[in-house]
Every structure is written in C-alpha cells, then in structure tokens.
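Please read these numbers as outputs of a predicted model, since none were measured by experiment. So you know, we letter chains A, B, ... as the sequences are listed, proteins then strands, and number each from 1.
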There are 2 protein chains.
Amino acid sequence: MADVAHLAGVSSQTVSRVSNGSQGVVEETRQRVLAAMKELGYRPNSAARALKAGEFRTLGVILFTLSTTGNVRTLEAITESAAMEGYAITLMPVAVPTQTGLHGAFTRLGELAVDGIIAIMEVHLLDAATISLPPHIQVVVADSDAGDRYSVVDTDQSEGARMAVRHLIDLGHDTVWHLTGPEGSFAAQRRADAWQRVLQQANRTVPPLVRGDWSAKSGYEAGLWLADQPGCTAVFAANDQMALGLLRALHERGKRVPQDVSVVGFDDIADASDFIPPLTTVHQDFGEVGRLCVQGVLRQIRNQAADQGTTLVPTRLVLRDSTAAPPDRRAR
Amino acid sequence: MADVAHLAGVSSQTVSRVSNGSQGVVEETRQRVLAAMKELGYRPNSAARALKAGEFRTLGVILFTLSTTGNVRTLEAITESAAMEGYAITLMPVAVPTQTGLHGAFTRLGELAVDGIIAIMEVHLLDAATISLPPHIQVVVADSDAGDRYSVVDTDQSEGARMAVRHLIDLGHDTVWHLTGPEGSFAAQRRADAWQRVLQQANRTVPPLVRGDWSAKSGYEAGLWLADQPGCTAVFAANDQMALGLLRALHERGKRVPQDVSVVGFDDIADASDFIPPLTTVHQDFGEVGRLCVQGVLRQIRNQAADQGTTLVPTRLVLRDSTAAPPDRRAR
DNA sequence: CCCGTCGATGTTTACGTAAACATCAGCCAC
DNA sequence: GTGGCTGATGTTTACGTAAACATCGACGGG
C-alpha cells in the first residue's frame, strides 16, 4: 500500500480511500491511484483489514460429513446466501462424531477467523461442546431438535412424515410399515413419532419399527425382511437412499412396486425420479433451510444477541409411481 | 492479551509464548497464564496472527457446484487432508460457469484470506480468469485436462474408460455404445476418446455417440432411444447417474439388464450397488485426488513456486450385476 | 569469589489497514 | 479584502500478535 501511495504520489490514506470506494477523492487522483495499484499488482491484505475492522466477513460451517445429500445441499445454499451478503464460508468437518472430536473442532473454529457459526448437526451433540466457543460468536443450528438454547432451523419433519403416511392410508392401505433411521437421530425420531401418531389417530395397528442407518444397503436388508411379512403393502422409508435399497430388495423378491407394495421416501434427492419405479417422496427444501440459517446468524451478529426458538421449513409430497392402492383394493 | 498479561502479572510476550506453546516458560508461570486465559475467556485473534505471520493457513476451493458426487467427495477429501495439515478450507462456489462469473469469483478469492487455491474445474475455464489472481497465490487444478500451466490432479479417465469397454468386449459383445457427458467437458471427452480408441483397436464398428448431460434424466431419455436400436447389447455410460436413468428406460421398455443389455457406469457412487441391478462401474478415487491436491498446493506454497504437469489417479473396475455376455452368445 | 553463561521474562517494534483528526487550498459572503 | 466554510488530502494512531532484542538473576567453573 505504501508503494502504491508512493508511486501515485499520494498518501497511503488516499490509497485506502480509493480501495474502499469512499467519497472525497477527486477523479484524477483516483485514476492515478488505480493505475499505480494495477502496475504494482496491489491487493488489499484481508488480515490487516479484519484486524482493523474487528470482523472477518466469514461464517464457519461445522458438520460431520459431506456424504449425505441433505448436508451438502444445505451447505450449498448456505454458501450461496452467504456470498450474496458478502460473507465467505469456512468449512469445518468433524471426522468423528464424538464429544471429543467435536470439542476439538469447535476449539479450532473458535480460533478461526469467523464471525458466526452454522452447525449442521443435532443440538444434543452441540451442548457440551460449545462451552469452548468464545461468547461473542453467534451460532445457528440446522437439522436438529427444538432450540431452547440456540436458534434452530429445520425441515418440518413431522409434517412431512404425516403427509407420507396419510397418503398411503388414503390410498386404502390398512396400515403402513416404517423403515426408520439410526438410533440417536432426532430427524429419524421425529419422522417415526409422526408415523406412529398418524396410524394411531386412524385406529390402525402399528407394525414393528424396522431400523436402518440411512444407507441404501440397510434399506436393502430391511427390504428382504419386509418382503416376507404378510400384509405388508405399504412402507414409508425415512430417506430416499434406504428406499432405493428397499426397492431393489422388493424387486429381487418378486414384489412389484407399486402393485404389490407401495413405497414412499423422504428427501427427494435428485435421482429419486429415476428410481425403478420413480419414487413418491417427501420433498425437503434444503435451499430454504440454508438461506434461513445465514439470515439467522447474520441477524444475531448484527444484534450481538443470540436468538432462540425453532424455525420450521415446510415440506411437500411429490407423487410419482411408487405408490398405489393395495392389491386387495385393486382386486375388488 | 494485554488483560491476560496483566491478570497473570506477566508481559504480553509471555502470554504469546504460552499460547503458542513455545519453550522457555517456567511451568508455574505457564499455569498462571493459562488460568488467566481461562478466566478471561481469551482467544487468540487470528486476524492479528495472520497479519503478523503473513499467512492464513487457509486454502480456497473454487468450484461450480456441489451437486455432483465427484465435486463433493473431492471437496470432502480436500477438507480432511487440509485439516490434518492445520489448514482450513474456504469455499468459493461460482454460480454461473461463465468467464465473467469466474473472473469475479477469483477476484474475490484473491482478496480473501487464502494462501493457495484448489480449483475443481477445467483448465480452459481457468485460463482467462486467473489473470486477476495475485501472483503469489498458488493454484492446483482438479478434474481437468493436461496441466501445461498449472499443476493438475485428475482421475485417469482414459484408463477407466478403457477398462469398462474392454470388459464388455471381453464378455463377447460385438460393440459397445457410449452415453457421453455434455459437450465442453474434458472428462466426458477423454472417456469418449478412450471408448472409441478401444473399439477401433479391436476392429469393432463404432456406433454413434449418444449425448447426455450427466443427469439421470438425460440417461433416461437416451435409454429410451437406445432400447430401440437393434444390436445394442452393451452401453458404457459416462457416469453412474446417467446409468441410473438408462436402467430405468431399459426396464420400462422391457429390456432386461444384464440378460438383454449390459450397462457399465463411471464413478461408483455410493448408491450404485443398490441400483436394479447393482451397477458394474468404474471406481474413481476422489479421496486420493483431494489428498494429492492439498499436498500439491502446500508443496507449492512452501517452495513459493508453481509446479506443472498432471498427476493421474488410477481407477478400478467394480464388477456387479449389470454386465453379462450378450444374448446371442448365451443362446449358443 | 568473580565472571561468564544460560534460561526466564520484559520491551520494542512492525505487520497493513482505516478511523480520527489535522492541514491546506479555494471559494463565497459580507 | 478577510473570515469562515467546504472539500481534498496528509498525519497519527491503534487494531492484536510475535519476532528480535534487552534485561535480569542464578548457577557453575576457574
């Protein structure tokens, strides 16, 4: 900067004014400074700027994995929204979802150059970990349960699951089986709770819960078992990947979808419309979740105060070809 | 820091020494300083550190989209490797893959707090854009063509495609059709080139190239057309998503896979083993690509010199259930 | 017993920027 | 014409850290 000032024959302060587009620089001087900048290849040093300004214009995103569609799409939306607000995104994945690993990641994030943090994970994992966060760092949580300590943004899991189960009941199925996610996942828990509630309200028997781990493989294994259960004509899978494995298992066991068994998924991943058959599923608006997260942290940063409470993003049921009336109904 | 120093009754330099774990601080003093840090909730200011050190310990990753498996998995590996080296990752997605958009993104990245950049994109898109990069910023490119200007790390596309096509020929297919990616994609181009070369070397007729855009939908549309082509018993799809759509189209047209038509994909995405049928595909080691990218930039940063040339990461063919001998062979 | 040495700690300084304040020239009103 | 005002530019300073150098006390060898 000093070199630029020297070359342009002005003070460094004037260079600063030009580089920040402030008023009060006469056009001719401005041009001379710009020329000098160009000639010397000058770039403002963002560390010095951050030091002076006391803010980094950067948000940290902490998450466990990039291997789930939801995380990735939320991240993508976060990055876009942040860019529009002039904020960059620093990624901080936690390899091992243990409290120790998490604690370490948060410590590092605390030392990092971020003004706020968006955590894509469940609050209960966050609780013990955030003690190491500096107090002025604002946090918003995505993909989690109720926000009594943090501001939480999440898909309306219950609503989505209710729509899925009701759709199957409305088609005439006596009851609906449920392939849930891993234990300890609040998303899985809420979907399962809603599933059970809808069945009970409709006075249907509640079949045993079938547990998977979100992976297609676990869906396949569950499907092999479900194919042998008499009276199983409708399955609500807690995500699309498990539904994919389920479809394969049913196909291999000679069960036709949707003629013999109806399947509904959750997420509406890009490929769901090209499953065999195209999958009826609950669409999650990850983009909206991401946008709300960014708006949330930025609001907190500007107010210097933490919000609380949960914002739910609505879902919608996408009807494709994996659901139909049950076989007995069709026979009538 | 001054507050901590005051509380602990030492100088700020001693606090600095403690916070950096340098030698030459007596244990008792150290404990006193640590206690003061804890009491005051002291965090080192990374902007000041970066300003002093002249480096940010951060790498920028620039990419077009997070909606392709390859990009995401490369990014994940990059982040992990970087974390192990003590570097953080700043994400810089470019919404529109135009030179203008790219130029803007690079300008912003240049102003950002990064020591190096990993670009997940093709060199020809990079060429005009990097002029706005400050000269001391090191660049490594992933997922691209030959590196005569930059250091490039890529999957060995040709080898993978060769293995796929040879596998089908070895099974007894007269020729192999190819469903390629969008025009302008070097990855697609190299896979298509290798496909054609293998066929020519084996003295087979080269069927017309079928073009898709990487999406399952485009694979589905191509599949509807391919199902009507007489003598089409083997298709090599340039990625797994298009293969998924292809499988659906073939299924809907009553073509059995692999009995009537064999299909090979490329990527080995997580779900490929649960397609109907489980997909034979070329496995890309995105993790290795990411690791090599990080090692590459860090080496360049340490040497203060740009490397050149291309590093190719080997692929392997994963045999599953979507390939078999052609119908006529089986009939014999 | 004194001096040299070494280890622990303190003091000074610079990193690059921008806010706050200072200066200076030109212009207008009286 | 002169004083006050405005706008353009320069000067000083501080942001938080850590390297370089300075200081001080203790310990050991001659």
Note: B:Glu76-B:Arg73 ion pair, threshold 4.0 Å (strictly below): no
Touch class at under 4.0 angstrom, heavy-atom based, for B:Val25 against every strand present: sugar-phosphate
Would you indicate which nucleotide in [options] comes nearest to any side-chain atom of [X]?
X	options	result
B:Arg17	C:dT11, C:dT9, D:dT17	C:dT9
B:Gln13	D:dA18, C:dT17, C:dA8	D:dA18
B:Ser11	D:dG16, D:dT11, C:dT11	C:dT11
B:Arg49	D:dT17, D:dT9, C:dT17	D:dT17
A:Ser19	C:dT17, D:dG10, C:dA18	C:dA18

Does a side-chain N or O from [X] land closer than 4.0 Å to OP1 or OP2 of [N], or not?
X	N	result
B:Asn45	D:dC15	no
A:Thr29	D:dT9	yes
A:Asn20	C:dA18	yes
B:Ser12	D:dG16	no
A:Ser16	C:dA19	no

In whole angstroms, how far is the [atom2] atom of [N] from the [atom1] atom of [X]?
X	N	atom1	atom2	answer
B:Met1	C:dT11	CE	C1'	13 Å
A:Leu51	D:dT13	CG	C1'	13 Å
A:Glu28	D:dG7	CD	C1'	16 Å
A:Glu55	C:dA18	CD	P	12 Å
A:Gln31	D:dT9	CD	P	13 Å
B:Arg30	C:dG7	CZ	P	18 Å
B:Arg43	D:dC15	CZ	C1'	20 Å

Upstream residue (5' side of DNA chain C) when B:Glu27 and A:Val15 are each assigned their closest nucleotide: B:Glu27
Heavy-atom closest contact (A:Ser11 atom, A:Ala5 atom, distance): C-CB, 3.6 Å
B:Ser19 and B:Arg49 side chains, donor-acceptor separation under 3.5 Å: yes
Note, A:Val25 side chain near A:Val10 side chain (heavy atom, < 4.5 Å): no
Validation row: B:Gln31, B:Glu28 side chains within 4.5 angstrom (heavy atoms): no
Nearest-nucleotide comparison on DNA chain D, the residue closer to the 5′ end among B:Lys52 and A:Gln23: A:Gln23
